[in-house]
Every structure is written in structure tokens, then in C-alpha cells.
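Reading through the C-alpha cells given below for one structure.
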2 protein chains.
Amino acid sequence: MVGIRAKQKEKTRRALINAALNQLSPQTTFSSLSLREVAREANIAPTSFYRHFQNMDELGLTLVDEAGLTLRQLLRQSRQRLADGGSVIRISVEIFMDFISQNSSVFRLLLQERSGTSKEFRMAIAREIEHFKSELTDYLHAERDLPEWLAEIQADAMVRIVFSAGADALDLTAAERAAIAEQTIIQLRMIARGSDTMKKEDK
Amino acid sequence: MVGIRAKQKEKTRRALINAALNQLSPQTTFSSLSLREVAREANIAPTSFYRHFQNMDELGLTLVDEAGLTLRQLLRQSRQRLADGGSVIRISVEIFMDFISQNSSVFRLLLQERSGTSKEFRMAIAREIEHFKSELTDYLHAERDLPEWLAEIQADAMVRIVFSAGADALDLTAAERAAIAEQTIIQLRMIARGSDTMKKEDK
DNA sequence: AAATTCAGCGTACAGTTGTTCGCTAAAAGT
DNA sequence: ACTTTTAGCGAACAACTGTACGCTGAATTT
């Protein structure tokens, strides 16, 4: 039996998390967010914050974890749609763009704190991106029959392009986002082509 | 004749600029920098700050301009070394990596404020990167004989890769930086190859 | 039924922030 | 020689920050 007490605690914990997420915007970084602001938005006394997190940093790391979780969902979603057939690259890019427009706050957090002040943050985010990259590497190695070193380099390039394009797409309208998506697709194909010729030469 | 007064003013203005730059580090964002901290570091009363800049934002934009200037120097430097012959890609990447290790503070500023809270900052930085990109586009169009649309997309991809790799390289040792440089070179060649096959198909 | 735990609160404090205002002394202009 | 300009200063302000402390009342345990 989950006590009514524990349930309530979890509830205001979520309130804090959501309060933080809601405040994130093009005009507000997570690191520019104060404990008091977050507590206010969550309808809680500033001092009560400490019942749930030691620090703002701890809250932030929780958010990064959430972001990672969402990214994994993204991957699962891709794999499923891929099974139905279609261009791998197009589907992946479209799903990614959908993700950032639906989870813009979380994605913004990742982008901002990737070059932020906390080493712990940066490392946590690097880990999430690394995970992303290694899944892609495996795919290229297994499905596309690339030697591992090439697969890794190609995956790295692709992830860099996609995240960078995502960053630019973040604050744009749906139409502009679609345009960036198209360009990104071409760029990824460019990379795939180049990688392919390299593979042939290597043999 | 430049009055001794104007000269002194310029001097403390530089002191402010340098104070800001010196404070930037992996642990300190520009936007986390307070007017008073900067004034303190520059050995100036907080209130005197306003004799030189209206805002911290105005100081920041000045720094971005400086960064842009340094980037242009970089481009000129590349062109010169290119005239001496050698791999375009290798030379460009190596010069870029040199740049970020010698101007790490400025580059960090660009990276951080690119996804920061001030629209004006973001736009100023986007402009600098755009400039970079368009130079590369022209080169690819003229020298490599690519159709303009392809040149632009390829340039965009390359700039994304290079800046992203630069961001990762920022806090690494010289050896690690060299490793990233090598990988980046391969990735850029990959893109160039892919772009080439696309050009041939297009004809 | 009594004792314990604990999420949430209000008060309080010291520290930092951006900015206003009026002053000074030296340089520049006349 | 005079007046004007102006870079730099110190004091003062209200606003905000993070956090320590002790209390309360309800949920939980005994």
C-alpha cells in the first residue's frame, strides 16, 4: 500500500519539476532560474523545496534524466515506424523534428546546459547523446554493413548535424522547421553516400 | 590629436572587456556574470561601468563583435595558407582548432549565448556563423564548380560539423583535440564525396 | 490510544544585485 | 585665465537571492 503521504509527496515533486519546465523558454535558461521562482510557480514555500531536492542542480539533473527517457522513447518510436518500411533518414529526421517541437523545453535545456557551467550537467547530457550515437552506430554496422570505425564516424557526423539543425529549428514555425528538415535529409544522404564510397575504397 | 582623456577612456574600456573575457571559463557563463564582478575585476567602481556601456548586454555584444573579427582573421589566414598548397579541408580544420584553443573564452561565449536568453545575442552570433558559411559556399561554388544550391547545403553541413566538433574540443587536451580534428577531417571528406556524387547525378 | 515521523510553513538573516544621485578633480575648450 | 565637460567615485536604495531554524498538524507506526 502506497501511503497517502507518499503519494502527496510525489505530487508536489512533480509540481516542482513541471514548474521548472514551464519556466524554460527562449528568454529563460535553467541556470537563470532561481529556487524561489520555481517554488513560487509550484505553489510551495521556498523552504519546502529542500524536502525534495538538495539543490537546484539536483532538480536540473532530474530534468536531464527525463530528457534522456524521452529520447529513448523517440528511438523506440523510430524503430517501430522503420519496420513499416520507408526511408530511414527521412523518418528519423521527421520524428526528431516532431520531438523537439513537442518537447521544446526539455530540448532547450539539453542545448543550453550542454555548454553550461556545471560539469555534472555537461557530462550527463554528453552521456545521453552518446547513447543516441551508439545506437546509430550499431544500426549502420549491422544493417548497412559498414566497418565499425566507419560506422562510428558516420554516426557521429549524423548526430552532430541533426542536433545542430534541431537547435536552429527550435524557435521556428512549422513551415520553417519543415524546410530545415528537408535540408537536413539531403545532408544526411550526402554523408551516407560519401561513407559508402569510402567503404568501397577501403575494401 | 587624441586627447589624453580619450586615451584613458579607451584604456579602461579595454579593461572592462578583458575583465569580462578573463572571467569566462567552463564554470562561468557570460550571462552569469554580474556587472559588479566585471567592474571589480577591472578595478573600477560599479557605477563607473555606465560611462562605457549602458548594459551588460551591450558589453556582451561588443565581445561577440570581437569574436567575429577574430573569425575573419581566421578566414584570411586560411586563404593565405591555402595559396601555399595542401589539403583544403585539413588546413581549415587545423586552423579552426588552433583558433578555439587560443581564443577559448571568446569561442565559449559564442557557444553559450548561441542558445542563451537574449534574442539580440543569438541573432548577432547567427550572423557571424552565417558569414562564415557564405564564404565557404562561395568557395565551393567557384572553386569546386558546384551548383549553388548544393554548395550551400554542403557548406551548411560542414559548418555545423566543425562548430559542433569545436564545442567538444574546447575543454580537451591538445592530444585529444588532435584526435577530434582527425575525425572531423574524415567527416568533411565524407561530405565532400557525397556532395560530388550528387552533383554528377544532377547533371 | 499514544508516540513518532515528516511535508510544508513563516520568520529571519546576511549577502548580492542593478541603478540613482550628487560630488570631485582633471582635461578640454574658450 | 575662465568655463565647461566628463571619467570615476561613494553612499544609499529597494529588490532579490539561498538557506537556517523551529513550529504545526496530519499521516503513520507502535
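In what follows, chains carry the letters A, B, and so on, assigned in the order in which the sequence lines appear, proteins first and then strands, with residues in each chain numbered from 1.
- Considering only side-chain N and O atoms, Q54(A) lies nowhere under 4.0 angstrom from the phosphate OP1 or OP2 of dT19(D).
- Two residues, Q8(B) and R36(B), neighbour DNA chain D, and the one matched to the more 5' nucleotide by heavy-atom proximity is Q8(B).
- Within the nucleic acid shown, E10(A) has no heavy atom closer than 4.0 Å to any nucleic acid atom.
- Residue whose closest nucleotide on DNA chain C sits further toward the 5' end, between A45(A) and N55(B): A45(A).
- For the pair T12(B) and dA7(D), the criterion of a side-chain N or O lying under 4.0 Å from OP1 or OP2 is not met.
- Taking the charged nitrogens against the carboxylate oxygens, E130(A) and R127(A) have no contact shorter than 4.0 Å, which rules out a salt bridge.
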List the steps and the verdict of side-chain hydrogen bond (donor to acceptor under 3.5 Å, both in side chains) for T137(A) and S134(A).
CA-CA 5 Å; T137(A) 303; S134(A) 88; over 6 Å; no

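- With respect to the salt-bridge test (charged N to carboxylate O, under 4.0 angstrom), the residues E182(B) and R90(B) qualify.
- We find that CD of E58(A) is positioned 15 Å from P of dG18(D), with the value rounded to whole Å.
- E37(B) has its CD atom 10 Å from the P atom of dT16(C), to the nearest Å.
- Per the geometry, CZ belonging to F53(B) stands 13 Å off P belonging to dA7(D), to the nearest Å.
- As a whole-Å value, the separation of L35(A) CG from dA20(D) P is 11 Å.
- Rounded to an integer number of Å, the gap from CD1 of I4(A) to C1' of dT29(D) is 16 Å.
- Residue pairs meeting the ring-ring contact (aromatic ring centres under 6.0 Å, His included) criterion with at least one partner in residues 126-157 of chain A, sequence neighbours excluded, are F132(A)-F163(A).
- Judged by atom type and distance alone, T47(B) reaches the base of dG10(D) through a side-chain donor-acceptor pair under 3.5 Å.
- Between the side chain of R5(A) and the base of dC6(C), a donor-acceptor pair under 3.5 Å is found.
- Note on R144(A) versus D196(A): no salt bridge recorded, every NZ/NE/NH1/NH2 to OD/OE distance being 4.0 Å or above.
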Can V93(A) and M97(A) be said to form a side-chain contact (heavy atoms from CB on, under 4.5 Å), step by step?
CA-CA 6 Å; V93(A) 171; M97(A) 289 292 173; 4.3 Å; yes

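- A salt bridge does not link R76(B) with E135(B): none of the charged nitrogens is closer than 4.0 Å to a carboxylate oxygen.
- Taken residue by residue, residues 13-25 of chain B places no heavy atom nearer than 4.0 Å to DNA chain C.
- Between P26(B) and R122(A), the closest heavy-atom pair is O-NH1, 3.1 Å.
- Contact annotation: side chain of R51(B) to base of dT6(D), donor-acceptor pair absent below 3.5 Å.
- As rounded to whole Å, 13 Å separates atom C1' of dG18(D) from atom CZ of R40(A).
- For S48(B) and dA7(D), the shortest distance from a side-chain N or O to OP1 or OP2 is not below 4.0 Å.
- Between I44(A) atom CD1 and dG10(C) atom P there is a gap of 12 Å when expressed in whole angstrom units.
- The residue among M56(B) and A6(B) whose nearest nucleotide of DNA chain C is located toward the 5' end is M56(B).
- Nucleotide dG18(D) holds its C1' atom 11 Å from the CZ atom of F49(A), rounded to whole Å.
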